[in-house]
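Whatever order the structure lists ligands and atoms in, that order sets their numbers, starting from 1. Worth saying up front: this structure is predicted, and the values here are computed from it rather than measured.
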Amino acid sequence: MLENSGPMDRPRTTLVTLERKKEEKEKVVAVTAYTYPEALLADRAGVDIVLVGDSLGMTTLGYKTTIAVTMEDMISHCRGVWRANKKAMQIGDMPFMSYQVSNEIAVRNAGRFLQEGGCDAVKVEGAMVDRVKAIADAGIVVMSHLGLTPQTRAMLSGYRVQGKTKKETDRILEQAIALQEAGCRLLLLEAMPRESAGYVAKNLKIPVYGIGAGDQVDGQLVILHDLIGMFFEFKSKFVKRYCEVGRVIEQSLRQYASEVRTGKFPSSEHFYELKDEELERMLADPRWKYVVESPK
Ligand code: KIV
């Protein structure tokens with residue numbers, strides 16, 4: 001059982017909270033979560049933002065990339081997070097092909113994140129100025145995502161650091177300004193040198209967060225499975241592991257398997273009790289076929 005502690009008396013994170021934190025230079029903490037228990041723990045730990053990322057595909061569904069993730073996958077996982085999360089802002093990540101085709105499809109799918117998935121906002125990858133305007137005009141808070149954008153990784157020739165030159169950084173800044181003017185309220189920069197990300201952040205009015213984008217931004221996002229040691233495919237340079245939950249789980253499963261095989265588990269403390277007189281009755285029944293052994 002979880003103890004009833006943690007910073008749960010804080011107010012729920014809203015846009016105003018995030019804008020105030022930017023003004024007061026208070027760093028914002030964001031983490032991904034994809035399930036009820038993950039969101040419960042993140043919220044209890046006091047994070048400001050929980051992102052139900054389409055990294056779901058890689059961390060939880062076992063895909064090699066995020067491309068196969070569907071709206072149905074996202075909504076289903078958002079619903080688990082919704083039931084757990086009380087205080088963090090919940091942002092739903094629009095998966096590949098849920099917004100690219102038309103403004104109408106983008107708005108409808110963004111709306112589903114709020115209506116069916118309990119999200120407060122949606123995240124859209126790339127410089128999708130038209131789509132962002134349409135979604136924002138529908139009254140939905142949008143976080144844009146620039147720099148390394150995993151859904152278009154083929155166009156970027158793989159998972160490569162972005163904004164390594166002045167020219168590239170200026171292009172990202174131009175895109176960011178256009179998104180801001182279109183109504184985007186939050187920006188996420190991925191995989192950029194700290195100076196380039198800082199340059200973009202300092203030229204915008206909206207809060208700018210980074211994942212692998214250094215410390216000159218208004219806050220950090222980390223993928224939960226990277227942080228806790230539950231992602232096994234690769235580890236990006238910007239990832240800091242705070243624990244090795246994967247190892248703890250594997251070790252526990254090995255011990256469980258061994259204890260079942262050797263008869264150490266379950267033992268008397270895990271048994272339900274049967275009154276003596278009921279046992280007598282059972283033993284007296286001619287259909288009783290086995291000898292009750294004493295617990296080990
Ligand atoms: O899906 C996700 O978790 C993301 C992060 C990589 C930014 O989009």
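Checked against side-chain contact (heavy atoms from CB on, under 4.5 Å), Arg160 has the following partners two or more places apart in sequence or in another chain: Ser157, Gln162. Contacts of Tyr199 classified as ring pair (Phe, Tyr, Trp, His ring centres under 6.0 Å), with partners at least two apart in sequence or in another chain: none.
The protein residues lying under 4.0 angstrom from ligand 1, judged by non-hydrogen atoms, are Thr32, Leu51, Gly53, Asp54, Ser55, Asp93, Lys123, His145, Leu188, Glu190, Ile211, Leu221, Ile223.
Under the side chain to side chain donor-acceptor pair (under 3.5 Å) criterion, the residue pairs touching residues 206-232 are Lys22-Asp218, Arg194-Asp215, with sequence neighbours excluded.
Using bins of under 30°, 30° to 60° and over 60° for the plane-to-plane angle, the ring pair Phe234/Tyr159 lands in the tilted bin.
The shortest non-hydrogen separation linking Ala110 to Val122 is O-CG1, 3.9 Å.
Remark: Arg131 fails to qualify as a cation-pi partner of Tyr99 under the 6.0 Å distance and 45° angle criteria applied to the six-membered ring.
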